Amino acid sequence: MKTNSILLQELTIEELEQLIGKSIKKGISELHKEQLIKNFNEELLTREETCKFLKIDSSTLWSYTNKGKVKAYGIGARRYYKRSELLKCLTLLKK
């Protein structure tokens with residue numbers, strides 16, 4: 001049986017610090033990438049941005065919103081749409 005192990009007796013303190021530092025940097029980098037992807041998906045889009053994203057007319061977006069096909073969020077008279085929810089609304093079409 002093969003196991004991955006490190007013999008600490010053969011490492012200097014500096015080598016151990018470098019090994020730990022590399023592992024931490026790699027973990028932080030991966031976490032940062034995941035967070036960027038999550039933030040991109042949770043981005044709020046305006047009506048115009050949503051129409052461009054879905055490649056539809058504003059009247060179609062209004063119709064989808066009124067029929068409950070997409071959810072709109074508002075602040076005052078402004079409406080916003082979550083990118084992640086728009087992606088979830090897309091359905092697979094049968095061939």
Side-chain angles (χ1 to χ4, degrees):
M1 181 178 227
K2 199 175 196 183
T3 61
N4 293 333
S5 62
I6 299 173
L7 298 175
L8 296 178
Q9 295 173 343
E10 297 177 8
L11 288 177
T12 65
I13 293 175
E14 291 81 18
E15 291 172 332
L16 181 60
E17 287 175 347
Q18 288 178 349
L19 185 63
I20 293 171
K22 286 180 184 178
S23 295
I24 291 174
K25 284 180 184 177
K26 183 179 177 185
I28 290 173
S29 176
E30 290 173 3
L31 183 63
H32 182 67
K33 287 178 185 176
E34 289 174 9
Q35 190 65 32
L36 286 175
I37 291 169
K38 183 179 178 184
N39 288 343
F40 180 75
N41 286 338
E42 289 301 317
E43 179 184 9
L44 291 176
L45 302 175
T46 63
R47 290 180 200 165
E48 294 79 22
E49 292 170 335
T50 302
C51 289
K52 286 180 185 176
F53 177 68
L54 295 176
K55 298 178 182 174
I56 59 174
D57 189 63
S58 60
S59 62
T60 305
L61 179 61
W62 179 84
S63 174
Y64 288 171
T65 304
N66 283 342
K67 291 178 182 177
K69 291 183 178 183
V70 294
K71 291 182 184 178
Y73 299 88
I75 300 175
R78 297 177 182 229
R79 287 189 176 226
Y80 298 97
Y81 300 84
K82 289 185 182 179
R83 182 185 300 269
S84 61
E85 290 180 0
L86 294 172
L87 291 171
K88 288 179 185 175
C89 290
L90 297 175
T91 58
L92 180 62
L93 299 176
K94 295 182 182 180
K95 290 186 176 184

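Both backbone and side-chain heavy atoms feed into the values below; hydrogens, waters and symmetry mates do not. Positions are given from 1 along the sequence. Nothing here was measured: the structure is a model prediction, and the numbers come from that model.
Atom-to-atom distance recorded for Arg83:CZ and Glu43:CD is 4.5 Å, nearest 0.5 angstrom. With rounding to the nearest 0.5 Å, the separation of OG1 in Thr50 from NZ in Lys82 is 13.0 Å.
Residues passing the side chain to side chain contact (heavy atoms under 4.5 Å, CB included) test with Gln18, sequence neighbours excluded: none. With sequence neighbours excluded, the residues that form a side chain to side chain contact (heavy atoms under 4.5 Å, CB included) with Leu31 are Glu34. In this structure Ile24 satisfies the side chain to side chain contact (heavy atoms under 4.5 Å, CB included) test together with Ile20, Ile28, sequence neighbours excluded. Contacts of Glu49 classified as side chain to side chain contact (heavy atoms under 4.5 Å, CB included), with partners at least two apart in sequence or in another chain: Leu45, Thr46.
Annotation: side chain to side chain donor-acceptor pair (under 3.5 Å) contacts involving residues 51-60, sequence neighbours excluded, comprise Asp57-Ser59.
Ile13 and Leu19 are assigned to two separate hydrophobic clusters, defined by single-linkage of ILVMFWY side chains at heavy-atom distances under 4.5 Å.
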Which side-chain N or O atoms in residues 63-77 pair as donor and acceptor under 3.5 Å with protein atoms at least two apart or in another chain?
from: Thr65; atom 1: OG1; to: Leu61; atom 2: O; distance (Å): 2.8
from: Thr65; atom 1: OG1; to: Tyr81; atom 2: OH; distance (Å): 2.9
from: Tyr73; atom 1: OH; to: Glu85; atom 2: OE1; distance (Å): 3.1
from: Tyr73; atom 1: OH; to: Glu85; atom 2: OE2; distance (Å): 2.7

